[in-house]
Amino acid sequence: VREHPDTEVLSSYLDSELPPTEAGRLQEHLRTCASCAERLGALRHTVARLRTLARPLPPAAIVEELRVRLPGARRAPAWRERLERLIRGGLVLQPAVTTGFALVVALTVIVYFYTHRAQPRRPTTLVVPPVEVREAPTGAAAPQPAPATPPVGASWSARPEAAPPPAPPRETTAKSADEAPPPAASGERRRAAEPARIVPPVEEREAPAGLAAPPPAARSAPTRDATAGAADEAPPPPAAAEERRRVLDPPPALAAARKPEPPLEQRVAERTFELRQEVWIERGLDPAAPVLRVAASSDIGRELLERFPELERLLRSGGVRLAMEGRVLEIERPGTGVP
Amino acid sequence: LEAITLTGAAVADPDDDLVFRHRYGDPAAFEELYQRHSPMVYHLALRLAGDPEEAADLTQDIFLRVYRHLIGFRGSSSLKTWIYRVALNQCRSRLGRRRPVTRPLAEEGAEGLTPIVDPGRGPEELALAQDAARRVGQALAELPLAFREAVVLRDLDGLAYEEIAEVLGVRIGTVRSRIARGREQLRRALEGER
């Protein structure tokens, strides 16, 4: 290199971002040009000084504030932890608080169990979510918290002392409409109304109400209420896995009552899916067609879920096999994280 | 179309896992995501805003925004890059409305912002190092925003040129040039102080 390299070349060289041939030529030049070697040294020194700057950690107050401003993200882990601790018999850790909590839960369960028994005309359907799955296959079937879905809410209202299904999620949303995402219920309703809708997702746009899938906050809030309420009639708290199990395996009494079990059905995106061996299979698929399996978190999986967010409901209890552009795709049931 | 299985790679990335869990309503996922990414976000905000309080506010706003949009995150870039982009946009929009940001970090070298020095040094050396750090911080704060963004992302956060291009939404050539010009300007500023 005859002429001296400009700063851009030197700077890129420091970052090993020069193509090898250019880097070679520069090295050659630096061997014979003291002034350029000095310029490079000065630049290197500047970078080294920059790197000594401290990287302070964010103040803890931020996360506290966020917990307040994101109602769904708050408290939920605490709830889980407490329940997990209870289940694991961790009462010893926090004797006073936890024992009190356990007693209250136990008493509630016992009292409700007795009052529940005492009233003969209690319809069994109230106890067993899976029945609702079969009877109202359009939207109520998701193994999601019951209060979020209107049809289930309706049947709940038959319970005498069942307080109206929790309003809190809606309230919190109203309070901070800007921050909080739309309540789960409205999103679900929209989807039920226009099942095949395809939303071209744009990452940076402001999330329009109802378009984005209901953020976990909205979904998790009712979960807590549901678990609290469920203690009334069923053995305490169906962690998500437990809830899923209930959907998959109806209680023996009920299973006996119904003769040959028809497969569970769900109607999603104007297609009907039947649950067979933990896979929701679209009705009418060619059984001989090769199945292309994709993870839900893969690009294709994401794409599909973006286009048909309703599929996520199915994915909670199994894989989803469906026809897509002339092929048979199976979105595998996520093995990580929450159900 | 050949048979493809895309399971493996996706599960290996903890960010993928977090996004996925968040989508499925796991409230702990977002908190984990915050713990994982807030240091870089806060630091970026701090260097761009030049003020710890402002940076804290910005960080909060950025994560509120991330929370709102995470559902729509398609994974076409890495989550880290995406969060950086959200952070940068938020910083620009907030800071753009205000005075040009040239204020250095007042506490540079003070408590909490102690520069990385050998702890075995004596108090005098430590004071010198703090003073040097203050000067670097000040020189950085006085860079034009476009250069500062590039230099911070490269030299403080260690992003690759390609990632920086993605975050800033510019071509790699532009990244190269901004980093070089930013460094050169810093070099001159620091040299002039000697």
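Residue numbers begin at 1 in each chain, while the letters A, B, ... track the order of the sequences.
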Student check: side-chain heavy atoms of B/S38 and A/V63 closer than 4.5 Å: no
Pick one of side chain, backbone, both or neither for B/V152, based on which atoms fall under 4.5 Å of a heavy atom in chain A. neither
A/R55 bridged to B/D157 by N-O distance under 4.0 Å: yes
Between NE2 on residue B/H43 and CG on residue A/L53, distance to nearest 0.5 Å: 7.0 Å
Keeping the roles fixed (side chain from B/R187, backbone from A/H45), state whether a donor-acceptor pair exists under 3.5 Å. no
Testing the basics here: between A/E306 and B/F73, what is the closest heavy-atom pair and its distance to 0.1 Å? OE2-O, 3.9 Å
Measure A/T46 against the heavy atoms of chain B and call it side chain, backbone, both or neither at under 4.5 Å. side chain
Roughly how far, to the nearest 0.5 Å, is CZ of B/F30 from CG of A/L66? 6.5 Å
Which atoms of A/L14 are under 4.5 Å from chain B, going by heavy atoms: the side chain, the backbone, both sets, or neither? side chain
Search all heavy atoms of B/Y161 against all heavy atoms of A/S12 and return the closest pair with its distance. OH-CA, 3.7 Å
Looking at B/A180, B/G158, B/A45, which makes the most heavy-atom pairs under 4.5 Å with chain A? B/A180
Measure distances from B/Y34 to the heavy atoms of chain A and classify the residue's part below 4.5 Å as side chain, backbone, both or neither. side chain
Where is the tightest heavy-atom contact between A/L50 and B/L156, given as atom of each residue plus distance? O-CD2, 3.0 Å
Mind checking the OG-CZ spacing from A/S11 to B/R178? Nearest 0.5 Å is all I need. 14.0 Å
Tell me which of these, B/Q35, B/Q60, B/E184, has more heavy-atom pairs under 4.5 Å with chain A than the rest. B/Q60
Of all heavy-atom pairs linking B/Y42 and A/L57, the shortest is CE2-O, 3.6 Å
Salt bridge A/E8-B/R181, side-chain N to carboxylate O under 4.0 Å: no
In terms of heavy-atom proximity below 4.5 Å to chain A, should B/A132 be classed as side chain, backbone, both, or neither? both
Between atom CD of A/E65 and atom OG1 of B/T59, what is the distance when rounded to the nearest 0.5 Å? 12.5 Å
Can you tell me which portion of B/L140 sits under 4.5 Å from chain A's heavy atoms? Options are side chain, backbone, both or neither. side chain
Quick check on B/E162: does its CD atom have over 12 non-hydrogen neighbours (other residues, nucleotides or ligands) under 6.0 Å away? no
Rounded to the nearest 0.5 Å, what separates atom CG in A/L43 from atom CG in B/L186? 9.5 Å
Please classify the contact of A/A296 with chain B as side chain, backbone, both or neither, using a heavy-atom distance under 4.5 Å. both
Working to the nearest 0.5 angstrom, can you tell me the gap between B/R176 CZ and A/T7 OG1? 13.5 Å
One thing to verify: whether B/R183 and A/D15 come together as a salt bridge, which I'm taking to mean a side-chain N less than 4.0 angstrom from a carboxylate O. yes
